[in-house]
Every structure is written in C-alpha cells, then in structure tokens.
Amino acid sequence: MRHTWRLPSLHEFTHDARQIILASGLIAGSFLGAFSLLRSLYLLRLGFTPAYVGVYYAVGSFIFMAMGVPAGALGQRLGTRKVMIASVWLTVIGMALLPIGETLAPSLRTVTPVVSQFVLTVGWSSISVNTVPTLMAATSGADRSSAYAMSSALQGLGTLVGTVGGGALPGIIARLMGRPTTDPFPYAVALVIGALAGLAALPPLTKMKGGQRPVAGAHGTAHRGPFPLVPVAAMVVYVFLRHAGWTTCQAFCSPYMDTELLLSTTTIGLVTGVGQVAAILVVFAIPRMAERWHHGWIVASSTAILAVSLLLLALVPHWIAVAIGLLGVQVAASLWLPALQVFQMELVPDAWRAIAYGALTTAMGSGFGVMSLFGGYFIDSQGYQKLFQLGVGLSVAGTLLMAAISRRHRTVLETD
C-alpha cells in the first residue's frame with residue numbers, strides 16, 4: 001500500500017531528534033553559510049593568491065580527515081551530547097580567530113588563517129561525525145528518512161540565510177564605514193558577526209535528554225562482531241572521489257565568480273542563495289524517493305547530477321551558466337548527504353556506526369584536502385575551466401563505483 005507523500009513536520013519526531021535537527025540548521029547558517037562564503041573572499045582581499053586559498057582549505061580538510069575516526073570514538077566514549085556542545089564552542093572560536101589577521105602585522109597574517117582552520121575544523125569534524133549516529137539513535141525506521149531529510153533541509157535553510165546575509169553584510173558595513181568593498185576590514189567584521197551567530201546552536205543541544213550514551217570499554221565491545229572492512233573501504237574510496245570532484249566548485253566557485261567573472265559579493269551571495277533554495281525544496285523528495293528506490297541509488301544519482309553540473313561550469317564561462325551549474329551542484333549535495341548517511345548507517349552494525357561514519361568523514365576530508373591543495377596551483381597554471389573538467393572526471397568515476405556498491409548491497413539484502 002502506497003502512502004500519500006507530504007512534507008514532514010518537526011512535531012513528528014522525538015524530543016532529541018528535534019533538538020539535533022534545530023542545532024544542525026543553526027550552526028549551518030553560521031559555518032556553511034556566512035563563514036564559508038566570506039572566508040575565501042576575505043583572504044583574497046588580504047592579498048593572498050588562489051594557491052594560498054587552496055592551501056588554507058587543504059589544511060582544514062586534512063585536519064577534518066585526521067579527526068574523523070577519533071571524533072567518532074570520542075563520542076562513543078564520552079557521549080555525543082557532551083562532545084557536540086564542546087564542538088560548537090570550538091567551531092565558533094575558530095571562526096572568530098580568522099578576522100584577527102586584519103589586526104596583525106603582515107608577517108603574521110599567513111599564520112592566523114591556519115590556526116583558525118585548525119581550531120574550527122576540530123570542532124566542525126566532531127559535530128559532523130557525532131550528529132549522524134545521534135540522530136539515528138533518536139529515530140526509528142519509520143521516520144528515519146524524513147528526519148534526515150528535515151535535518152538536511154534546515155541545514156540548507158540555515159546555509160541560505162547565512163549565505164545571503166553574509167553576502168550583503170560586507171557591502172552594508174563598507175557603506176556605513178565609508179570604505180571600499182576591496183578593503184578587507186568590512187569582511188572581517190562580517191566574519192565576526194557570522195561566527196557569533198553560531199552560538200545559537202548551543203541551546204537546542206543543552207536541551208537534549210540523551211544522545212548516544214558512552215559505550216563501556218571491553219564489555220561493551222564484546223558483542224560488536226567484526227568490523228565490516230570491505231563495504232566501508234569501498235565507501236571510503238567512493239566518498240574520496242565524489243568529494244574531490246565536488247571540491248572543485250565548493251572551494252573555488254566563489255573565487256572564480258569574484259576574480260574571473262567580476263561579480264560583486266552581493267551577487268555571489270544571491271547566485272549561491274538561489275541554488276540553496278532549490279536544494280532545500282528538493283531534499284523533501286528523499287522520503288518519497290526512498291519508497292521507490294534504494295538509498296544507494298539516490299547517492300549514485302546525485303553524484304551523476306554533480307558531474308553534469310560541473311560539466312556546465314567547465315564549458316561555459318558565463319555567470320548564467322555558473323548560476324545554473326552551481327544550482328545543480330547544490331541540489332546534488334542536498335540529495336547526497338542525507339541519503340549517504342542513511343545508506344551508510346544501514347550498511348554496518350549499530351556498534352560500528354560512529355567509527356564507520358568517522359571513516360567516511362576522513363574520506364571527505366582527504367578528498368577535499370587533496371583537491372584544495374592541488375586545485376589552487378592547478379588554477380594558477382591551467383585555469384578554472386580545466387579544474388572543473390577534472391571535477392567532472394572524478395564525479396563520473398564516483399558515480400560508477402557507487403552504482404556497483406549499491407547493486408552489491410541490494411543483492412546481499414535479497415539473499416538474506
């Protein structure tokens with residue numbers, strides 16, 4: 001019997017699930033929205049090159065990679081609620097450190113962004129890793145897809161508000177202070193405002209009643225069974241390929257629009273915001289899609305959409321093409337993450353979920369880090385279009401691998 005599809009409501013979920021979903025949306029507005037849009041533009045206005053921006057992103061990505069499994073283990077050891085609260089503080093402090101570079105001597109300005117990246121990435125990695133198993137524990141099979149879709153939608157909404165607001169802030173601050181928009185100071189002030197907004201994620205987390213409880217040492221691990229090495233390893237390779245391809249736009253689309261297409265920061269924020277609106281709307285289709293198709297199929301399809309979107313960026317150097325391509329990249333991401341989280345959680349036993357998702361976040365960090373580090377130098381020698389072409393190839397390879405993983409998983413389910 002087919003159920004009539006409707007938009008999920010927060011009231012359908014447990015108390016803890018609601019708090020996790022709300023906190024995810026609020027911290028996304030700060031970090032994924034305002035901060036992610038403004039940080040590269042701020043660094044460029046400080047006089048740094050795209051190559052340095054790539055190194056800056058790579059530092060964060062490699063830290064994210066290194067923190068993946070330890071963050072999952074820490075959540076199991078101390079409890080995810082405590083770890084997530086501490087992680088929000090670290091993320092906000094790390095974001096607030098970046099604008100301090102404006103007040104330092106030029107010789108020290110190359111150090112501050114790296115310190116900022118280290119602190120905020122330790123916090124953000126711990127949030128990312130521990131949110132997924134915590135939400136899994138706070139939901140049942142009947143409402144799990146809807147809960148992850150709602151979480152992704154509120155993250156998208158928070159990111160949209162943060163992106164549009166963050167894009168407008170430097171221009172407003174510059175006018176109020178009588179400074180040009182090429183001056184880094186208005187961006188520094190906007191970054192501080194965006195960082196402080198992240199503190200709004202703390203009240204929902206403090207209201208949580210549970211979260212994943214700490215796991216007892218030796219006695220608690222006795223019933224885990226063997227670690228599912230082969231499926232997790234295959235997923236790690238896939239996530240690395242997909243994330244490396246996605247990074248060609250995530251890390252470099254804003255600098256591309258700023259330095260090559262000469263768009264204003266407000267326009268960049270609006271172009272990015274349009275894609276985020278579409279991403280928010282599309283994510284609610286995941287529960288309906290999950291009724292018809294396997295979550296692994298949704299993951300593979302979203303990676304194919306990413307490849308097509310990057311192809312448009314690679315072939316047409318015009319702001320309209322970039323807007324459409326960026327929209328596709330964001331829609332693909334909104335479908336990808338919640339479907340990936342459910343698929344990965346279902347792929348491994350309960351006791352290994354935090355560690356397994358930590359391995360995937362390690363792959364995300366390494367994919368982002370390698371492409372960020374490589375991409376900045378690649379742009380200097382080959383240009384942005386060639387970089388987007390490389391992203392297309394990586395995304396196609398990821399699509400094919402994920403299709404094979406999904407097909408194998410469905411075969412195992414049918415034979416069990």
Taking side-chain contact (heavy atoms from CB on, under 4.5 Å) as the criterion, tell me which of Leu306, Leu340, Ile305 meets it with Leu335. Ile305
Taking every non-hydrogen atom, the tightest pair across [X] and [Y]:
{"X": "Thr399", "Y": "Ala304", "value": "OG1-N, 3.3 Å"}
{"X": "Ala138", "Y": "Thr14", "value": "O-OG1, 2.9 Å"}
{"X": "Leu44", "Y": "Thr49", "value": "CD2-C, 4.4 Å"}
{"X": "Leu261", "Y": "Pro317", "value": "CD2-O, 3.9 Å"}
{"X": "Leu270", "Y": "Val164", "value": "CD2-CG1, 4.3 Å"}
{"X": "Leu312", "Y": "Ala321", "value": "CD2-O, 3.5 Å"}

Scan residues 63-74 for pairs that pass side chain to side chain donor-acceptor pair (under 3.5 Å), counting only residues two or more places apart or in two chains. none
Qualifying side chain to side chain donor-acceptor pair (under 3.5 Å) pairs with a residue from residues 24-41, counting only residues at least two apart or across chains: Arg39-Gln117
Who are the side chain to side chain donor-acceptor pair (under 3.5 Å) partners of [X], not counting sequence neighbours?
{"X": "Thr361", "value": "none"}
{"X": "Tyr256", "value": "Gln385"}
{"X": "Ser309", "value": "none"}

Is there side-chain contact between [X] and [Y], with at least one heavy-atom pair below 4.5 Å?
{"X": "Gln382", "Y": "Tyr377", "value": "no"}
{"X": "Leu154", "Y": "Leu157", "value": "yes"}
{"X": "Leu46", "Y": "Tyr42", "value": "yes"}
{"X": "Trp89", "Y": "Leu202", "value": "yes"}
{"X": "Asp16", "Y": "Lys207", "value": "no"}
{"X": "Leu205", "Y": "Gln19", "value": "no"}
{"X": "Tyr384", "Y": "Pro255", "value": "yes"}
{"X": "Val329", "Y": "Leu310", "value": "yes"}

Roughly how far, to the nearest 0.5 Å, is [atom2] of [Y] from [atom1] of [X]?
{"X": "Leu263", "Y": "Ser254", "atom1": "CG", "atom2": "OG", "answer": "10.0 Å"}
{"X": "Phe13", "Y": "Leu135", "atom1": "CZ", "atom2": "CG", "answer": "8.5 Å"}
{"X": "Ser395", "Y": "Leu390", "atom1": "OG", "atom2": "CG", "answer": "9.0 Å"}
{"X": "Ile63", "Y": "Leu120", "atom1": "CD1", "atom2": "CG", "answer": "8.0 Å"}
{"X": "Met364", "Y": "Thr362", "atom1": "CE", "atom2": "OG1", "answer": "9.5 Å"}
{"X": "Ile85", "Y": "Ile127", "atom1": "CD1", "atom2": "CD1", "answer": "11.0 Å"}

Apply side-chain contact (heavy atoms from CB on, under 4.5 Å) to His15 and Met208, showing your working. CA-CA 7 Å; His15 171 82; Met208 284 179 59; 5.8 Å; no
Can a donor-acceptor pair be found between the side chains of Thr131 and Thr134 at a distance below 3.5 Å? no
Name every donor-acceptor pair, under 3.5 Å, that has one atom in a side chain of residues 51-59 and the other anywhere in the protein, sequence neighbours excluded.
from: Tyr52; atom 1: OH; to: Thr110; atom 2: O; distance (Å): 2.8

Acceptor/donor pairs from residues 91-100 side chains to any protein atom, 3.5 angstrom cut, sequence neighbours excluded:
from: Thr91; atom 1: OG1; to: Ser87; atom 2: O; distance (Å): 2.8
from: Thr91; atom 1: OG1; to: Trp124; atom 2: N; distance (Å): 3.2

Under 30°, 30 to 60°, or over 60°: which ring-plane class applies to Phe31 and Phe35, parallel, tilted or perpendicular? parallel
Expected output: side-chain [X] to main-chain [Y] donor-acceptor under 3.5 Å:
{"X": "Arg45", "Y": "Pro186", "value": "no"}
{"X": "Thr121", "Y": "Phe118", "value": "no"}
{"X": "Ser302", "Y": "Val299", "value": "yes"}
{"X": "Ser406", "Y": "Ala403", "value": "no"}
{"X": "Asn130", "Y": "Ser126", "value": "yes"}

Just jot down the salt bridge (charged side-chain N to carboxylate O under 4.0 Å, His left out) partners of Arg18, sequence neighbours excluded, or say none. none
Under the side-chain contact (heavy atoms from CB on, under 4.5 Å) rule, what do Leu387 and Met371 come out as? Steps first, then yes or no, please. CA-CA 9 Å; Leu387 181 70; Met371 185 51 65; 3.8 Å; yes
Give the table of side-chain donor-acceptor pairs shorter than 3.5 Å for residues 235-249, with sequence neighbours excluded, one pair per line with atom names and distance.
from: Tyr238; atom 1: OH; to: Thr303; atom 2: OG1; distance (Å): 2.6
from: Tyr238; atom 1: OH; to: Trp336; atom 2: NE1; distance (Å): 2.7
from: Thr247; atom 1: OG1; to: His243; atom 2: O; distance (Å): 2.5
from: Thr248; atom 1: OG1; to: Gly245; atom 2: O; distance (Å): 2.6

Can Phe343 and Ile405 be said to form a side-chain contact (heavy atoms from CB on, under 4.5 Å), step by step? CA-CA 11 Å; Phe343 179 71; Ile405 295 170; 4.2 Å; yes
So salt bridge (Lys or Arg N to Asp or Glu O under 4.0 Å) across residues 389-404, not counting sequence neighbours, yields none
Which atom pairs, one a donor and one an acceptor, fall under 3.5 Å between side chains of residues 167-177 and the rest of the protein, sequence neighbours left out?
none

Stepwise, does the side-chain contact (heavy atoms from CB on, under 4.5 Å) test hold for Met257 with Trp319? CA-CA 8 Å; Met257 290 186 282; Trp319 75 267; over 6 Å; no
Check: residues 66-74 side-chain donor-acceptor pairs under 3.5 Å, at least two apart:
none

